[in-house]
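Because the structure is predicted, anything quoted here is derived from the model rather than measured.
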Amino acid sequence: MSAAGQPRIYLAGFDVFRPDAIAQGGYLKRLCREQGMLGLYPFDNEVDQGLAPGERAAQICQLNLAMIRDADAVLANLNPFRGFEPDSGTAFEVGAAVALGKPVWAYFQHQGSMRQWLPGDEAGRDAEGYFIEDFGLPRNLMLACSWVGCSACVEEGVIALRQYLADRSPAG
């Protein structure tokens with residue numbers, strides 16, 4: 001928790017690629033603040049712009065991992081990005097958080113189970129012939145079985161995560 005006793009929430013998602021990424025980060029952090037939490041947005045990190053691209057990428061990775069380690073929980077945007085699946089970087093961050101024992105709250109627009117919303121044939125195969133997961137889950141089982149909850153949008157997710165953390169706290 002932060003010095004003020006606020007839960008620290010790492011804001012994972014492809015929002016950092018938006019044209020208005022800084023404004024979106026401010027919005028996400030404001031949503032957290034309104035719920036008594038401290039939002040940690042990847043752009044809060046100071047990255048050395050003088051580094052070579054590969055070195056800068058490695059620094060961003062290490063800084064984001066440090067933020068996840070310092071966070072009390074992760075709020076993850078698992079909406080599809082550049083295709084049918086969530087952003088791979090966000091999926092990695094979710095996995096890192098789970099491995100560190102951090103609760104993850106996901107948010108995305110619900111479309112039913114993967115089998116219902118991914119295009120496929122009657123046998124459950126996609127256009128390339130791969131089987132589509134059919135566990136009745138809205139995302140890959142490794143994500144869906146590791147989050148503590150999910151909401152349809154970030155605004156609902158922030159509120160639900162705050163309640164989840166309050167219910168888990170000794171004073172909650």
Side-chain angles (χ1 to χ4, degrees), residues 1-2 6-18 20-21 23-44 61 64-65 67-120 124 126 130-170 172:
M1 294 231 192
S2 69
Q6 298 174 302
R8 297 167 54 92
I9 309 302
Y10 181 79
L11 301 165
F14 59 86
D15 304 281
V16 297
F17 299 113
R18 293 171 52 133
D20 63 344
Q24 179 67 8
Y27 175 70
L28 297 173
K29 290 166 66 170
R30 181 174 55 80
L31 290 175
C32 288
R33 199 169 39 255
E34 290 170 355
Q35 294 299 316
M37 301 185 297
L38 179 63
L40 307 173
Y41 191 59
F43 281 0
D44 294 342
C61 178
N64 289 352
L65 286 170
M67 278 184 137
I68 294 168
R69 279 191 296 276
D70 291 342
D72 297 299
V74 170
L75 183 63
N77 179 350
L78 295 183
N79 280 297
F81 181 65
R82 296 181 179 148
F84 294 110
E85 295 281 352
D87 169 53
S88 59
T90 304
F92 174 86
E93 290 172 332
V94 167
V98 169
L100 291 167
K102 311 284 181 174
V104 173
W105 197 278
Y107 66 92
F108 54 90
Q109 293 179 352
H110 298 273
Q111 301 166 296
S113 72
M114 288 184 68
R115 181 66 179 93
Q116 291 172 317
W117 63 266
L118 278 171
D126 68 15
Y130 292 102
F131 278 111
I132 299 169
E133 272 189 34
D134 195 12
F135 296 106
L137 300 170
R139 294 289 179 267
N140 176 277
L141 69 94
M142 295 303 290
L143 291 171
C145 293
S146 63
W147 63 52
V148 297
C150 66
S151 299
C153 63
V154 68
E155 293 83 2
E156 292 174 8
V158 169
I159 294 167
L161 177 56
R162 177 64 179 131
Q163 187 60 54
Y164 173 83
L165 294 173
D167 291 348
R168 291 185 62 224
S169 73

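The CD1 atom of Ile9 lies 4.5 Å from the CG atom of Leu161; values are rounded to the nearest 0.5 Å. Summarising the geometry, atom CD belonging to Glu34 is positioned 13.5 Å from atom CZ belonging to Arg162; distances are rounded to the nearest 0.5 Å. The NE2 atom of His110 lies 4.0 Å from the SG atom of Cys150; values are rounded to the nearest 0.5 Å. Distance CG/Leu40 to CZ/Arg8: 4.5 Å, rounded to 0.5 Å. Between the CZ atom in Arg139 and the CG atom in Leu141 there is a gap of 13.5 Å [rounded to 0.5 Å]. Atom CG of Leu11 is separated from atom OG1 of Thr90 by 11.0 Å, given to the nearest 0.5 angstrom.
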(request) Give the C-alpha distance, both sets of side-chain angles, the deciding distance and a yes or no for side-chain contact (heavy atoms from CB on, under 4.5 Å) between Arg33 and Leu38. (result) CA-CA 6 Å; Arg33 199 169 39 255; Leu38 179 63; over 6 Å; no

(message) Asn79 vs Gln109, test: side-chain hydrogen bond (donor to acceptor under 3.5 Å, both in side chains). Steps then yes/no.
(response) CA-CA 6 Å; Asn79 280 297; Gln109 293 179 352; 5.3 Å; no

(message) Asp87 vs Arg82, test: salt bridge (charged side-chain N to carboxylate O under 4.0 Å, His left out). Steps then yes/no.
(response) CA-CA 8 Å; Asp87 169 53; Arg82 296 181 179 148; 5.6 Å; no

(request) Kindly determine whether Val154 and Leu28 satisfy side-chain contact (heavy atoms from CB on, under 4.5 Å), including the steps that lead there. (result) CA-CA 8 Å; Val154 68; Leu28 297 173; 3.5 Å; yes

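Ring geometry for Trp147 versus Phe108: interplanar angle of 30 to 60°, hence tilted. Taking the six-membered ring for Trp and thresholds of 30 and 60 degrees, Phe84 and Trp117 have ring planes inclined between 30 and 60 degrees apart. The aromatic rings of Phe43 and Tyr41 stand perpendicular to each other, their planes meeting at an angle above 60°, with 30° marking the opposite boundary.
Residues Leu78 and Tyr107 fail the side-chain proximity criterion, which asks for heavy atoms closer than 4.5 Å. Side-chain atoms of Ser146 and Val94, non-hydrogen and from C-beta on, do get closer than 4.5 Å to each other. Side-chain contact between Glu155 and Tyr27 is present, with heavy atoms from C-beta onward closer than 4.5 Å. No side-chain heavy atom of Phe135 sits under 4.5 Å from any side-chain heavy atom of Ser113. Two residues are said to be in side-chain contact when any heavy atoms from C-beta on lie closer than 4.5 Å; Trp105 and Val74 fail this criterion. Using a 4.5 Å heavy-atom cutoff, the side chains of Met114 and Leu137 are not in contact. Side-chain contact between Leu118 and Asp126: absent, with no pair of heavy atoms (C-beta onward) separated by less than 4.5 Å.
For the pair Arg69 and Tyr10, the cation-pi test (distance below 6.0 Å, angle within 45°) is failed.
Closest approach of Val104 and Ala97 over heavy atoms only: CG2-CB, 3.8 Å. Scanning both residues, Ala12 and Glu93, for their nearest heavy atoms gives CB-OE1, 3.4 Å. Taking both residues in full, the closest heavy atoms of Gln6 and Asp72 are given as O-OD2, 4.1 Å, listed atom of the first, atom of the second, then distance. The heavy-atom pair separating Pro42 from Asn64 by the smallest distance is CB-OD1, 3.7 Å. The minimum heavy-atom distance linking Asp15 with Gln24 is given by the pair OD1-NE2, 3.6 Å. The heavy-atom pair separating Gly39 from Cys32 by the smallest distance is N-CB, 3.7 Å.
For Pro103, the side-chain contact (heavy atoms from CB on, under 4.5 Å) partners at least two apart in sequence or on another chain are Ala73, Val148, Tyr164, Leu165, Arg168.
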